[in-house]
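Take a look at the structure below.
Indexing begins at 1, ligand by ligand and atom by atom, following the structure's order. Since the structure is predicted, the reported quantities are computational estimates derived from the model, not experimental observations.
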Amino acid sequence: MDSLSLSGICRHQFLPITMLDFNQSNHRIEKAGFVRKPEKGGLTITQVASPLRRPVIVPSLDNETVDRRDRNHVAWTSVRQERWEGELVVQGEIPLWLKGTYLRNGPGLWHIEDYNFRHLFDGYATLVKLQFENGILIAGHRQIESEAYKAARKNKKVCFREFSEVPKYENFMAYVGDIAKLFSGASLTDNANTGVVKLGDGRVVCLTETQKGSLVIDPNSLETLGRLEYSDSLGGLIHSAHPIVTDAEFLTLLPDLVNPGYLVVRMEPGTNERKVIGRVNCRNGPAPGWVHSFPVTEHYVVVPEMPLRYCAQNLLRAEPTPLYKFEWRPESKAFLHVMCKASGKIVASVEVPLFVTFHFINAYEEEEEDEDGRVTAIIADCCEHNADATILDQLRLQNLRSFNGKDDLLPDARVGRFTIPLDGSPYGKLESALEPDEHGRGMDMCSINPTKLGKKYRYAYACGAQRPCHFPNTLTKLDLVKKKAKNWHEAGAVPSEPFFVARPGATEEDDGVVISLISEKNGNGYALLLDGSTFEEIARAKLPYGLPYGLHGCWVPKE
Ligand SMILES: CC1=C[C@H](O/C=C(C)\C=C\C2=C(C)CCCC2(C)C)OC1=O
Ligand SMILES: CC(/C=C/C=O)=C\C=C/O
Ligand SMILES: [Fe+2]
């Protein structure tokens, strides 16, 4: 789509403000303000003096000179530049009520010099913004300046322990030294590549599984402002990568790898101090289950104890196992614990069928239909991988990059619905909330209307599958009452998490827009807006170049 053929509110295309160029390809393209430098060795800096007022032809990669990285789908290719910002041409119409910034974080740089990383989750964080106001869209992206990223750039090698990558040791003593530093957390990464949240006090924080990887950023410039230093003495090195964040609180889980269990903690806006609500002891197993995320209801925190457990031995390894820092322990079983938010007391602890999930979708309290409205059960929904942890290895970059378009390689997933009885019964139920074929048996990267957090809800948005595929490749709107899904798909496109933003003043749960960033097969990319209710496209805006796949986002409303 060329900007001149656009009508209505369309504006000038791609106004680059600043670019720092990664030298990914050994070629040089210079067009209208974009400069790529051929010298070897990583980063070059290119400044564009002032925003351009006329359409700019965006440099595309030249097939004859691209290196092997560039032949991969752009979703799995390192971000091209360290930084870019500019206005996008909008095709369709952005609702005038949409005022604020969508931020999306993710692992966007998977190489240092000639060394290519192994796993999707190893990449250095790339933060993307879409700033909406008066129907105009300013986009941008920037690398997060974690210590891990800065050290890798400076020393031209991996210097911290990432999800699967570890520093290459020069000799055995260096390895021993690094192991010692693992226990203090000094050798763990702070590469905050998983999500981004807006705290009740306005601070915007990028997060990962390590506590030290909680980095405060500026939502406008995307600059890394510094580390969020927790001022309490709760210790531990890791936490859930998905805290529950509202204007009133920040709730998270701190797994205890020494005495298997979890601390449920709460931090108030304006403070850096997490206070303990309560503790859950694991019912089984040598280590707690992975808690990438967890759900809450209005009054309770649900603590999952998955059979996919943290594994101290695997933490120490130089070469990863297929389950990385985890191990699959079906004999240790699976449990869900329910803690009262106000008292810290455990009100239920039930065994459930084995399950694997990265992401809980939501949870709520099921009430009896009589006038007492007694809570009889907790319902908790998640993107469930049919108790099969191989999805973790499926996310190795080699797997993601080698898709031939034919083989159906994505393991099946579904909306897993847990029912946790509150009458003291020892077992909980796990069922599919809707027929998984409704969404192609792919299911991950979910969002809901945030006003429904912890409450009975009807709609969720997620990535599903149009098969054959090797990665979720659709956006899907789930109607959990009608048990139906409506799917969006474009051939060869990799969409990121559909993020729901409610229309101010809306009374219907699905009255709003769904934002996603799409990486296209041809190397391009665009921001997509779907109507939250009809799930039809309302606008799209092409980016100057496709961006790598990203994970989780948040919404920062314009005050
Ligand atoms: C996404 C995404 C990123 C992420 O993990 C990143 C790291 C560095 C995780 C490290 C670890 C674990 C997963 C388990 C316990 C140890 C530790 C090394 C901190 O996970 C994601 O899903
Ligand atoms: C990309 C992904 C999980 C991300 C974790 O934050 C899962 C993809 C397929 O299920
Ligand atoms: Fe996640």
I need the atoms of ligand 1 closer than 4.0 Å to a non-hydrogen atom of L551, numbered in the order shown.
1 (C)

Please determine if E384 and R414 form a salt bridge, counting it only when a charged side-chain N lies under 4.0 Å from a carboxylate O.
yes

With a 4.5 Å heavy-atom cut-off, do V196 and Y102 have their side chains touching?
no

Test side chain to side chain donor-acceptor pair (under 3.5 Å) applied to H385 and T390, T357, D444, D412, the passing residue:
D444

Run the contact test for H292 against ligand 1 with a 4.0 Å cut-off on heavy atoms, strictly below, and give the result.
yes

Tell me, do L199 and L228 make a side-chain contact under 4.5 Å, heavy atoms counted?
yes

Measure the acute angle between the ring planes of H141 and Y545, then classify it against the limits of 30° and 60° as parallel, tilted or perpendicular.
perpendicular

The atoms of ligand 1 lying under 4.0 Å from a heavy atom of T189, numbered in the order shown, are 8 (C)

List every atom of ligand 2 that sits less than 4.0 Å from any heavy atom of I391, numbering the atoms from 1 in the order shown and giving each element.
9 (C), 10 (O)

Per-atom contacts of ligand 1 with T210, taking only distances under 4.0 Å to non-hydrogen atoms:
19 (C)

Do the charged groups of K483 and D479 touch, with an N to O distance under 4.0 Å?
no

Taking 4.0 Å as the limit for heavy-atom contacts, which would you say applies to Q394 with ligand 2: side chain only, backbone only, both, or neither?
neither

Relative to atom 11 (C) of ligand 1, which among K212, K325, H359 owns the nearest non-hydrogen atom?
K325

Quick check on contacts: which atoms of ligand 1 are under 4.0 angstrom from a heavy atom of N193?
3 (C)

Could you check whether any heavy atom of A413 sits closer than 4.0 Å to an atom of ligand 2, since that is the contact criterion I want to use?
no

Does ligand 2 have an atom that lies less than 4.0 angstrom from a heavy atom of M445?
yes

Between atom CZ of F535 and atom NZ of K477, what is the distance when rounded to the nearest 0.5 Å?
8.0 Å

Show which atoms of ligand 1 fall inside a sub-4.0 Å distance from at least one heavy-atom site of F326.
13 (C), 14 (C)

Has F358 got any heavy atom lying under 4.0 angstrom from an atom of ligand 1?
no

Salt bridge or not for R118 and E165, using N-O below 4.0 Å?
yes

Enumerated ligand 1 atoms positioned under 4.0 Å from heavy atoms of T194
1 (C), 2 (C), 3 (C), 4 (C)

Residue-level breakdown please: for L237 versus ligand 1, do any non-hydrogen atoms fall below 4.0 Å on the side chain, on the backbone, on both, or on neither?
neither

Within 4.0 Å of some non-hydrogen atom of I238, the atoms of ligand 1 are 19 (C)

Numbered in order shown, the ligand 2 atoms found under 4.0 Å of a heavy atom of H359 are 3 (C), 4 (C), 5 (C), 6 (O)

Near Y310 (heavy-atom distance under 4.0 Å), the atoms of ligand 1 are 14 (C), 15 (C)

Among all the protein's non-hydrogen atoms, which is closest to atom 10 (O) of ligand 2, and how far away is it?
D444 OD2, 2.9 Å

Below a 4.0 angstrom heavy-atom separation, can you tell me which part of C383, side chain or backbone, both or neither, approaches ligand 2?
neither

